[in-house]
Structure formats: structure tokens, C-alpha cells
Amino acid sequence: MTQTLDSKGRMRAVTVLSTDVHTVTQVKSVDTDGYTAVQVGFDSVPERKLNKAQVGHLGQIAPLRVLREFSETGVERGAEIDPFTVLTPGTHITVSAISKGKGFQGGVKRHGFKGDKRSHGRKHSERKPGSIGGGGRAGGRVAKGMRMAGRMGGDRITVKGLEVLWTNPETKQIFISGAVPGRSGTLVEVHITK
């Protein structure tokens, strides 16, 4: 992430995405697959880094590390899609990615619990979760969906309402407004909002 000034002099938070040309690796149809979709691949790798099934699936197409499916139509297998012609400045997009994993966290950090008082004899219970119900409320067991400590992060997050601010085809970078989920290097899916 970085920041920049827009045309009105306002500071804008910007996320920089790196991308390259995408290749259509498979076109799915209702007759053969039961639904329509387009499989797109990118990020060239040496053939030795793929297994035989992946090499056979790609056929004459150069070895690609990442394959993703989108519900688009009207393209042929082997066609190349240039993201810089599709994602022009001003395009509204939706971005999906896997968020940063934060490990096992307590209720205060994971769910925003307030915690207990910090005075009057409280020694080690400021961040404890407190009562979770029990008794007759849930039949003497912990109810499903009870907010407690546990693994946090590592979820697929979708952020809507973002906008392409500008692109740089020479450096293969797309600058979008706002923040997207994940760490540096996370694989990000960008969908154009219709």
C-alpha cells in the first residue's frame, strides 16, 4: 500500500497490484460441463514445476502456475486477455483474496470484546471472556456459533466499491483505491462491477 494525492488535493490510500497478460486455458459449456465458464491462467513457470495432469490439461499452452475460473463467455481457448485494456482508470471493481492469518487469538482481539474492569481486585481476568450462557439456555451445552477464542484470519474476504485510479503497463502495475485483504504477495481476484 501507499498513498497519493488525487486531482482535488485529497490524500487517497492506494494499493498497488502487479499483474501480467492472462491466457484462456479452458472454455466450459453447458453441453460438456453443465455450466458456462472460462478458466484463465497466468504466471509462467518451467514445465518441470507442474505435474503430468497439469501439463496435459494445458496442452499446447505454455505452463502456467495459477488457474482460476470466471463466469464469462465469448472467448476462445488460447486467447490472451490484457488486464490493462480491461481495467482502465475509473473502472469500479470488487476484489477478493485470503486475509492475513493471525493464529489463535482471544475474544478481545478476535471479536472486539470489551473485557472486564481493570481495578478492584482484578488480577488476571481483564481479557477473560466471562460467562457463555449454559444452564437451560442451550440445554447445558455451548451453543453453536458462540463467539470465543480461536483461529483468526485466513478467510476469503471480498471488498466491494473499489476503483482503478491509474495503471502502468510498463511496470505491469494497477493502482486501486483503498485496501485489499492479504499480505504482500497474496493472490488477488479482481472482478469488474457491472
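This is a predicted model, so every value here is computed, not measured. Excluded from the calculations below are hydrogen atoms, water molecules and symmetry mates; all remaining heavy atoms, backbone and side chain alike, are included.
Clustering ILVMFWY residues whenever any of their side-chain heavy atoms sit less than 4.5 angstrom apart, transitively, puts Val21 in a cluster other than the one holding Ile174. No single ILVMFWY cluster, assembled from side-chain heavy atoms under 4.5 Å apart, contains both Leu165 and Val180. Hydrophobic cluster membership is shared by Val75 and Phe70, with clusters built from Ile, Leu, Val, Met, Phe, Trp and Tyr side chains linked at under 4.5 angstrom. Val95 and Phe42 fall into different hydrophobic clusters, defined by Ile, Leu, Val, Met, Phe, Trp and Tyr side-chain heavy atoms under 4.5 Å apart, directly or through other members. Val24 and Leu87 fall within the same hydrophobic cluster, defined by Ile, Leu, Val, Met, Phe, Trp and Tyr side-chain heavy atoms under 4.5 Å apart, directly or through other members.
Contact annotation: the side chain of Leu58 approaches that of Leu50 to within less than 4.5 Å [non-hydrogen atoms, C-beta and beyond]. Between Glu47 and Val55, the closest side-chain pair of non-hydrogen atoms falls below 4.5 Å. Considering only heavy atoms from C-beta on, Val86 stays 4.5 Å or farther from Thr88 through its side chain. Counting heavy atoms from C-beta outward, Met148 and His111 have side chains that stay 4.5 Å or more apart. Considering only heavy atoms from C-beta on, Met152 stays 4.5 Å or farther from Phe104 through its side chain. The shortest distance between side-chain heavy atoms of Leu5 and Met11 falls below 4.5 Å. Residues Phe84 and Lys172 meet the side-chain proximity criterion, which asks for heavy atoms closer than 4.5 Å.
Atom CZ of Arg65 sits in a sparse spot, with 12 or fewer heavy atoms from other residues, nucleotides or ligands closer than 6.0 Å. Other residues, nucleotides and ligands contribute over 12 non-hydrogen atoms within 6.0 Å of the CZ atom of Arg77.
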- Task: Report the C-alpha distance between Trp166 and Thr4 in whole Å, list the side-chain angles of each, state the deciding distance to 0.1 Å, and finish with yes or no for side-chain contact (heavy atoms from CB on, under 4.5 Å).
- Result: CA-CA 11 Å; Trp166 71 89; Thr4 185; 3.7 Å; yes

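Residues Thr25 and Gln39 have side chains that bring a donor and an acceptor to within less than 3.5 angstrom of each other. For the residue pair Thr36/Thr73, the side-chain donor-acceptor check at 3.5 Å is not satisfied.
Closest non-hydrogen pair, Ser44 versus Leu64, comes out as OG-CD2, 3.9 Å. Across all non-hydrogen atoms, the minimal contact from Gly133 to Ser131 is N-OG, 3.2 Å. Across all their heavy atoms, Ser177 and Arg12 have their closest contact at CB-NH2, 3.3 Å. In plain terms, the two heavy atoms of His57 and Leu67 that are nearest each other are CD2-CD1, 4.1 Å.
Between the Ser18 side chain and the Gln173 main chain, no donor and acceptor come within less than 3.5 Å of each other.
Salt bridge annotation for Lys117-Glu126: absent, with no cationic side-chain nitrogen under 4.0 angstrom from a carboxylate oxygen.
Checked against side chain to side chain donor-acceptor pair (under 3.5 Å), Ser96 has the following partners two or more places apart in sequence or in another chain: Thr158. In this structure, the side chain to side chain contact (heavy atoms under 4.5 Å, CB included) partners of Val159, at least two apart in sequence or on a different chain, are Ile157, Leu162, Pro181. Under the side chain to side chain contact (heavy atoms under 4.5 Å, CB included) criterion, Ile98 pairs with Arg156, not counting sequence neighbours.
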